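To start, the structure itself, in structure tokens.
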Amino acid sequence: MAEQARGLLGVHLTGHGVTIQLTEVEAYAGPDDPASHAYTRTARSEIMYGPPGRLYVYRIHGHHCANVVVRGSGPAAAVLLRAGEVVDGVELARARRGAARSTPVPDDRLASGPGNLCRALGITMADLGTDLTDPATPVTLDTCRRGPLPELPVTAGPRVGVRRAADLSWRFFFDGHPTVSGYRRHPRAGG
DNA sequence: CCTCCGATGTGCT
DNA sequence: GCACATCGGAGGC
């Protein structure tokens, strides 16, 4: 499912009136990936065992994170949407990110990091289960209409902040792109 | 019911 | 680089 993740780079994602071009994603396998929520099959992770193309939203540390359920080599694979460049609705994105903040957020940082991405796109738990292939929904993935790709190499590296399986290079991003969030290793990362 | 802790973000040293 | 805010999921009792 690394290939599914790579394939999302450069794709346009629209959320509640804001469109971004994805610049950074992370692949998560299913029950065999200890870093995935699908590692334990519960009510929360159940959506990843369903059909691909749906939105999996979860909360962590008071933030939202968004994933696309994909068809991987095994069941329950998903791709975490980590960063993107705003290509439409920048005013709305600024307003969402600027709320409850003293200094304005630079445009490059509006959708940088999974929590910030969701905030800029207005994605909340209410969007859980959205069919991203349906243009009528407030959150859509434009796999056909991908904009011009950044002239930057696609690089793979370890996933950010995961404790388990911390050395798998399943994070993909346009190397050097200003929207890409920095790498941080989990303090107690094992293998 | 209670405890632990994380696929985070921000600010400060 | 480090601390900490913050809150629901998951599992133990």
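Reminder, nothing fancy here: chain letters follow the sequence lines and each chain counts from 1. Worth saying up front: this structure is predicted, and the values here are computed from it rather than measured.
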### Worked check of side chain to side chain contact (heavy atoms under 4.5 Å, CB included) between L168(A) and R159(A)
CA-CA 7 Å; L168(A) 288 180; R159(A) 296 176 289 187; 3.8 Å; yes
### Query
Would you say R109(A)'s side chain and P178(A)'s backbone share a donor-acceptor pair under 3.5 angstrom?
yes
#### Entry: Check: D134(A) main-chain N/O paired with T137(A) side-chain donor or acceptor under 3.5 Å
yes
Tabulated below should be each protein N or O lying under 3.5 Å from an N or O of nucleotides 6-12 of chain B; please produce it.
from	atom 1	to	atom 2	distance (Å)
dG6(B)	OP1	R163(A)	NE	3.2
dG6(B)	OP1	R188(A)	NH2	3.2
dG6(B)	OP2	R188(A)	NH2	2.8
dA7(B)	O4'	Y28(A)	OH	3.3
dA7(B)	N9	Y58(A)	OH	3.3
dA7(B)	N7	A35(A)	O	3.0
dA7(B)	N6	H37(A)	N	3.3
dA7(B)	N1	N67(A)	OD1	2.5
dA7(B)	N3	Y58(A)	OH	2.7
dT8(B)	O2	H63(A)	NE2	3.4
dG9(B)	OP1	P114(A)	N	3.3
dG9(B)	OP1	G115(A)	N	2.7
dG9(B)	OP1	N116(A)	N	3.1
dG9(B)	O4'	H63(A)	NE2	3.4
dT10(B)	OP1	R97(A)	NH1	3.4
dT10(B)	OP1	R101(A)	NH1	3.3
dT10(B)	OP1	R101(A)	NH2	2.9
dT10(B)	OP2	N116(A)	ND2	3.4

#### Entry: Connected via hydrophobic side-chain network under 4.5 Å: Y39(A) and V79(A)
no
### Query
Dot-bracket, DNA chain C: Watson-Crick or G-U, under 3.5 angstrom, [ ] crossing, | other strand?
|||||.||||||.
### d(CD, E46(A); P, dG9(C)) in whole Å
15 Å
### Presence of salt bridge, D107(A) and R97(A), under 4.0 angstrom
no
### Query
Is it true that a side-chain atom of R164(A) and a backbone atom of A35(A) form a donor plus acceptor pair closer than 3.5 Å?
no
### Message
Does the structure place the NZ or CZ of R41(A) under 6.0 Å from the centre of the six-membered ring of Y49(A), at an angle of no more than 45° from the ring's axis?
### Response
yes
### Task
Could you check whether R159(A) gets within reach of a base, just the sugar-phosphate, or nothing at all, counting any heavy atom under 4.0 Å?
nothing
### Task
Kindly indicate, with the supporting measurements, whether the criterion side chain to side chain contact (heavy atoms under 4.5 Å, CB included) is fulfilled by L13(A) and T19(A).
CA-CA 5 Å; L13(A) 173 74; T19(A) 302; over 6 Å; no
